[in-house]
Amino acid sequence: MYTLCIAGNPNSGKTTLFNALTGAKQHVGNWPGVTVEKKEGRVDYDGLQFNLIDLPGIYSLTAYSMEEVVTRDFILKERPRAVINIVDATNMERNLYLTTQLLELGVPLILVLNMMDEAEKKGLKVKIPYLEKLLGVPVIPMVASRGIGTEELLKKVREILEGNLTIVPRKPRYRKEIESAIWRVEETLRDLLPKAFLEKYPSRWVALKLLEQDEEIIRKCRKEAKDEAHLFSIVNKEIERITKILGDDPETLIADQRYGFASGAFKEAVKITYTDRISLTDQIDKVLTSRLFGIPFFILIIWGSFQLTFTLGEIPMRWIEAGFNVLGDLFYQWITVPWLRSLVVDGIIGGVGSVLVFLPNILILFLIIALLEDTGYMARAAFISDRVMHFFGLHGKSFIPMVIGFGCNVPAVMATRVLENNKDRVITILVVTLMSCSARLPIYVLFAGAFFPKHAGNVVFSIYLLGILLAIVMARFFRLVLFPGESAPFVMELPPYRLPTLKGLMIHMWDRGAMYVQKAGTVILAGSMIVWFLSSYPRHITYSVDYDRLLRQETVRHEKSLTEIAARLKVPRDRLSTFVPFRAYEKAWESFQAERSQQAAKQCDLGGLLKKKEAVFRQIESRYPGTLKLYRAYRNEVERHANIMEELRSKKAAEKASKSYAGRIGRAVAPVLRPLGFDWRNTIALISGLVAKEIVVGTMGVIYQVGEAKNESQKLMENLRKHMTPLTAYVFMVFSLIYLPCIATIGVIRRELNSWKWTLFSASYTTVLAWIVAFLFYHGGRLLGFG
Ligand code: GDP
Ligand code: MG
């Protein structure tokens, strides 16, 4: 199978063309060893089949960025059958600069002139045949977003693949002095470099690169050359000579000439019939990036995105939740082996479900981001926030990942791909986890509700604020300590506003959504199983009290009481619950309950209602004399029994939790967290949060003896209040905010930065920071007399 690739400037329409050609048959990964995204797809068109690679957007083929090196290496090493160079026709002169360098590589090139619709609007007329002759390659006009020109392109590709067309790109020639230097270096290269190397890297190109002092190529030649000292002495002599004769170093001269070539080709092949006075983009930008409206509009967009993500996402969220509940019930009935049932229902379905529930939010968020990116607004957002962000040691483009972080840290880390500079990326990733993600919210809701019911909103808000504050402080700190010196200046490109295509949006959204699903299927799945195992094993433990005997005794006692009541009523014991008068009381009781809850909502006086109920009861009593007292005894007995059983069971569950492996770990680690006012229970909950912060509250439920109580959260809050003070509760929230992000985030950080070093750093610095900040809050709070 042949491979072709698409190369071009950012925003020239590479991905649009790629999507148009490959459709759904594509795969996103990373280039080996670097964090540049690699998109691969398969084209299958009328018997024509080939692989297509969407190369990263670049302006040049120097070695200044990872993207450029990736592109260069790919073309030289993989030798695609043809390179499709896509050029933005509205910006042709600059785009052709890259083209000249692709021509120099000597690979078969097809030039695609994209955005012809806009170019025509601008009054540009391109003499296609003339341009073809100038460059020596086929040129195809195109409107990728509407699929115009793709047929022509595929036709050309077919000719090449079937061997009916050989393309000999015309290489730009340089000034006499440079050409002779190239020639002399080439000579030396042929003697000193192995054949295999020169088959991959054309000698003229290597010579040019050596004269340009390209670090990558210098390194490669050092490794490969037989007599490197000789080679570099020749190269340096040529560089010196050129500098002396022409008054500038070869790198600058060569770049200048390339610009000249590009600009010349443009001027010769393109006629401008008229020019717009002010383009629409400029008009829109006058408002959207203005001092007055820019920031308010920007804030409005961010706020709107959030609202949409969380309010709109809530609806399908409930469906998914319900779906997983049904699934859980189904498996609960289906599997009879207790341990397997528990693993599948509590471990797998519970764990994975709690993460997949957020999929709608994630998809909506990514749809919005794709929309902002494709219309060109994202670049403006970065532009607008750039100055403020710079002040904090971050890049304007860091803003978007930070905002996404409030939703979920995983896509936030992925969103840092918009940052070209690696330092900016590392710093942003390091602080983005301090943005409080939505999985942490349930923790705050629980604790704020239990300990600060009157000020819950403000308390939760203060935690979010703390996260932002810490992110700013840490960003500045990292910029100063880890990456001292000025950050590389970067020209912010402002692409024109465009109407995005639906297909492009969907593909963007799904690409990222799929990664999220993948995460749920791998990391979270494994993590949930581990947590499940640790908290339910060892299976058999020795309890401090024989709960099973107590449970049995209680059941026996209960039976005896009921039998007594039955005997006094002279009905068989097993008919007691269906005894006609009892059913009548029961019905009256239920309707009273229903009415009461209605009235309670309206805050009415309940006295009248109670009287009414008593009247109904006595009426029933008059019909079946002597039953009311016994019914009351029966009712009390049933309720009392339920309470006792529930208490015994939850005590047993709690003891089991504390003696499980998780409990033992909690006790072992607890001393480390004791200075923060936490006990072993808090410790276990925090440890379980390493898998996913969503699990923390659930773990709390298990540990704080909330069995299968109906009013679970009420009971949990009550129990929490018994064991913690408002101060430790607040400190717990603070710690939850800061400490190690969940496993999934750690996994993505590793993949995105492709470095264990930074991953471990991220994991450990957050935990240390959490400890320090929590310590300060705890002891500060105590000094101030709280807790
Ligand atoms: P990439 O950065 O090179 O991958 O560029 P994209 O494929 O993401 O395209 C950038 C923007 O240009 C998107 O909003 C596309 O919808 C838009 N676009 C792509 N091709 C055309 C075209 O031929 N005409 C117009 N008007 N817009 C286009
Ligand atoms: Mg792209």
Side-chain angles (χ1 to χ4, degrees), residues 4-23 26 28 36-41 52-60 65 67-68 70-71 83-92 94-99 102 110-124 126 128 139-153 276 279-281 284 366-382 397 415 417-420 492-512:
L4 276 78
C5 63
I6 304 180
N9 286 189
N11 275 308
S12 56
K14 287 180 306 304
T15 307
T16 310
L17 174 62
F18 177 80
N19 290 341
L21 293 180
T22 60
Q26 47 175 275
V28 189
V36 180
E37 198 171 75
K38 178 181 190 181
K39 272 189 134 177
E40 245 181 309
L52 191 63
I53 312 270
D54 185 10
L55 289 170
I58 50 170
Y59 296 106
S60 167
S65 79
E67 283 79 1
E68 295 178 13
V70 161
T71 303
V83 176
I84 299 169
N85 174 209
I86 187 160
V87 158
D88 176 357
T90 63
N91 215 338
M92 219 166 122
R94 194 182 62 186
N95 276 240
L96 284 176
Y97 182 66
L98 175 67
T99 308
L102 290 169
I110 304 178
L111 196 76
V112 166
L113 270 186
N114 193 32
M115 316 247 180
M116 283 307 279
D117 51 342
E118 286 185 14
E120 267 159 32
K121 265 190 234 151
K122 274 191 165 180
L124 258 58
V126 187
I128 304 280
V139 176
I140 291 162
M142 183 173 287
V143 183
S145 54
R146 279 190 269 137
I148 300 174
T150 47
E151 294 251 342
E152 307 295 309
L153 174 63
D276 271 348
S279 71
L280 186 64
T281 290
I284 298 175
F366 279 136
L367 182 66
I368 293 172
I369 291 170
L371 197 70
L372 294 180
E373 274 176 350
D374 285 5
T375 50
Y377 185 74
M378 201 62 115
R380 271 85 186 172
K397 289 186 176 179
R417 286 187 182 180
V418 296
L419 290 154
E420 284 86 359
M492 199 87 69
E493 297 286 332
L494 291 185
Y497 289 106
R498 294 205 178 92
L499 218 55
T501 63
L502 189 65
K503 196 170 169 186
L505 289 180
M506 288 299 138
I507 290 178
H508 274 146
M509 176 179 86
W510 185 243
D511 272 356
R512 291 165 176 168

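We count residues from 1, following the sequence as given. Quick caveat, the model's predicted, so the values are computed rather than measured. Just so you know, ligand 1 is whichever comes first in the structure, and atom 1 is the first atom listed for that ligand.
Counting all heavy atoms, side chain and backbone alike, Tyr59 lies closest to Tyr97 at O-CD2, 3.6 Å. Taking both residues in full, the closest heavy atoms of Pro141 and Met116 are given as CB-CG, 3.8 Å, listed atom of the first, atom of the second, then distance. Residues Asn95 and Ser12 approach most closely at OD1-CB, 4.0 Å, considering heavy atoms. The two residues Lys14 and Asn11 have their closest heavy-atom pair at NZ-N, 4.2 Å. Minimum heavy-atom separation, Ala89 to Leu124: O-CD2, 3.3 Å.
Residue-ligand proximity: Ser12 is placed with a non-hydrogen atom under 4.0 Å from ligand 1. At least one heavy atom of Asn9 sits closer than 4.0 Å to an atom of ligand 1.
Between Val143 and ligand 1, no pair of N/O atoms sits closer than 3.5 Å. By the 3.5 Å distance cut-off applied to N or O atoms, Pro10 is not counted among the residues near ligand 1. Residue Thr375 has no nitrogen or oxygen atom sitting less than 3.5 Å from a nitrogen or oxygen atom of ligand 1, judged on distance alone.
The distance from ligand 1 to the heavy atoms of Thr16 drops below 4.0 Å at these ligand atoms: 6 (P), 7 (O), 9 (O), 15 (C), 19 (C). With ligand atoms numbered from 1 in the order given, ligand 1 contributes 20 (N), 22 (C), 23 (O) to contacts under 4.0 Å with heavy atoms of Ala144. Listed by atom number, the atoms of ligand 1 under 4.0 Å from Thr15 heavy atoms are 1 (P), 4 (O), 7 (O). When each atom of ligand 1 is checked for a heavy atom of Asn11 under 4.0 Å away, the hits are 1 (P), 2 (O), 3 (O), 5 (O), 10 (C). Close contacts between ligand 1 and Asp374 involve ligand atoms 14 (O) [criterion: under 4.0 Å to a heavy atom]. For ligand 1, the atoms lying closer than 4.0 Å to a non-hydrogen atom of Glu118 are 25 (C), 26 (N). Close approach of ligand 1 to Asn114 (heavy-atom distance below 4.0 Å) involves ligand atoms 19 (C), 20 (N), 21 (C), 22 (C), 23 (O).
The side-chain hydrogen bond (donor to acceptor under 3.5 Å, both in side chains) search around Glu40 returns none, not counting sequence neighbours. Checked against side-chain hydrogen bond (donor to acceptor under 3.5 Å, both in side chains), Thr150 has no partners two or more places apart in sequence or in another chain.
Put simply, the residue from Asn19, Thr15, Thr22 that forms a side chain to side chain donor-acceptor pair (under 3.5 Å) with Asp54 is Thr15.
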